[in-house]
Amino acid sequence: MISHNIFKVNQRLKIKLNVDEQYGSRIEEIAADELVIAMPMSKGYPVMLAQGQSFTGQLIIDGIVYQFISKLLRKNIHPIPVWVVSLPVELKKVQLRSFVRTSAMIPVQFKLILPLANNDPEISADNPTFNVQTKDISGGGLQLVTRQPFEIGAKGQLVIDIPEGGIIVAIGEVVRVEQPQQENPVFWVGIKFLEVQERDRSKLIKYIFKKQLEQRQKGV
């Protein structure tokens, strides 16, 4: 059986009943062989699951998504609506082909890295700096909305202000530039991360995980 240390009170979960049904929850209590989790809701109404039925859960540990199987043992309404579920016996790492991307408007400072005479990159206060916003973001990169058509291959320092997560800093490279409307000088600039601390990537993934749960609960 999985060590109790894996699970934490207030840890966020994704509850999956099938491919199309996914809901947000969190751990409220941890017992010897049970977990008490917040009752999943859909548009303000409790998600229906019969006692004894199994479901799939997902959680993030150190920036890695894990999946488990559990069973609904019973439901309690007071003092708060919860599911009492069986403690999972196994966690499986979710093998993602690529980082999950989500739409989000996050302020970003993008400072270009200029090569020196010896071709070594340099970051200084004098380098061109642009205050922009993301269109979407993932653990592997982001897409900026800007009026500056950056060149493919341009590199820069990204200072990203993650909501409730703080500031993270990464080095990125422009890999794609699109102009959705030719008459409008607005560009979508795709940037992949070249250097980012794993603890910062973990912050990003946790934010994306939370954002997706919120969007699903709103029916987005």
_Non-hydrogen atoms of Pro180 and Trp188 that approach each other most closely_ = CG-CE2, 3.5 Å
*asked:* Keeping Thr56 on the side-chain end and Ile69 on the backbone end, is there a donor-acceptor pair under 3.5 Å?
replied: no
*Approximate separation, where rounding is to 0.5 Å, of Phe110 CZ and Gln157 CD*: 10.0 Å
*Output yes when a side-chain donor or acceptor of Gln109 lies under 3.5 Å from a complementary backbone atom of Val159, and no otherwise.*
no
*For Lys111 and Thr129, work out which heavy atoms get closest and say how close.*
NZ-OG1, 2.9 Å
*Looking at Glu164 and Lys203, does any basic side-chain N land under 4.0 Å from a carboxylate oxygen?*
no
*asked:* Rounded to the nearest 0.5 Å, what separates atom CD1 in Ile167 from atom CG in Asp200?
replied: 10.0 Å
_Residues, nucleotides or ligands: over 12 heavy atoms within 6.0 Å of Lys71 NZ_ = no
*May I ask whether Ile77 and Trp83 are part of the same hydrophobic cluster, defined by side-chain heavy atoms of I, L, V, M, F, W, Y residues being less than 4.5 angstrom apart, directly or through others?*
yes
*Which heavy atom of Pro40 sits nearest a heavy atom of Tyr23, and at what distance?*
CB-CB, 3.8 Å
*Hey, what do you get for OG (Ser25) to CE (Met39), rounding to the nearest 0.5 Å?*
9.5 Å
*If you take all heavy atoms of Asn184 and Gln179, which pair is closest and at what distance?*
O-NE2, 3.1 Å
*How close do Pro88 and Leu35 get, heavy atom to heavy atom, and via which atoms?*
CD-CD1, 3.8 Å
*Decide yes or no on side-chain contact (heavy atoms from CB on, under 4.5 Å) for Leu91 and Ile6, but give the supporting numbers first.*
CA-CA 10 Å; Leu91 282 180; Ile6 293 293; 3.5 Å; yes
*Please examine the side chains of Val47 and Leu17, heavy atoms only from C-beta on, and report whether any two atoms are closer than 4.5 Å.*
yes
*Same apolar cluster: Val108 and Leu112, side chain cutoff 4.5 Å*: yes
_Spatial distance of atom OH (Tyr207) from atom CD1 (Ile160) [nearest 0.5 Å]_ = 11.0 Å
*asked:* Using side-chain contact (heavy atoms from CB on, under 4.5 Å), reason through Arg176 and Lys192 one step at a time and then give a plain yes or no.
replied: CA-CA 9 Å; Arg176 184 179 64 259; Lys192 70 175 181 181; over 6 Å; no
_Less than 4.5 Å apart, side chain to side chain, heavy atoms only: is that true for Phe7 and Gln11?_
yes
_CG-CD1 distance between Leu49 and Ile15, expressed to the nearest 0.5 angstrom_ = 9.5 Å
*Pairwise side-chain contact, Leu204 with Ile162, heavy-atom cut-off 4.5 Å (strictly under)*: yes
*More than 12 heavy atoms of other groups within 6.0 Å of Glu29 CD*: no
_For a side-chain contact (heavy atoms from CB on, under 4.5 Å) check, start with the C-alpha distance between Ile137 and Ile106, then their side-chain angles and the critical distance, and finish with the verdict._
CA-CA 9 Å; Ile137 192 166; Ile106 301 173; 4.2 Å; yes
*Could you go step by step and tell me if Lys211 and Thr102 meet the side chain to side chain donor-acceptor pair (under 3.5 Å) rule?*
CA-CA 8 Å; Lys211 184 84 172 176; Thr102 190; over 6 Å; no
*Is it the case that one hydrophobic cluster holds both Leu59 and Val84, taking links as side-chain heavy atoms less than 4.5 Å apart, direct or via other members?*
no
*Approximate separation, where rounding is to 0.5 Å, of Arg12 CZ and Ile60 CD1*: 10.5 Å
_Using side-chain heavy atoms (C-beta onward) and a distance below 4.5 Å, is Ile37 in contact with Val85?_
yes
*Is it the case that one hydrophobic cluster holds both Leu158 and Phe187, taking links as side-chain heavy atoms less than 4.5 Å apart, direct or via other members?*
yes
*Answer yes or no: is there a side-chain heavy-atom contact under 4.5 Å between Ser86 and Glu34?*
no
Hey, can you pull the donor-acceptor pairs under 3.5 Å for the side chains in residues 141-155, sequence neighbours left out?
unit_1 : atom_1 : unit_2 : atom_2 : d
Gln143 : NE2    : Asp136 : OD2    : 2.9
Thr146 : OG1    : Gln148 : N      : 2.9

_Side chain proximity check, Tyr66 to Gln58, heavy atoms < 4.5 angstrom_ = no
*Do you know the tightest heavy-atom contact between Val9 and Ile30?*
N-CD1, 4.1 Å
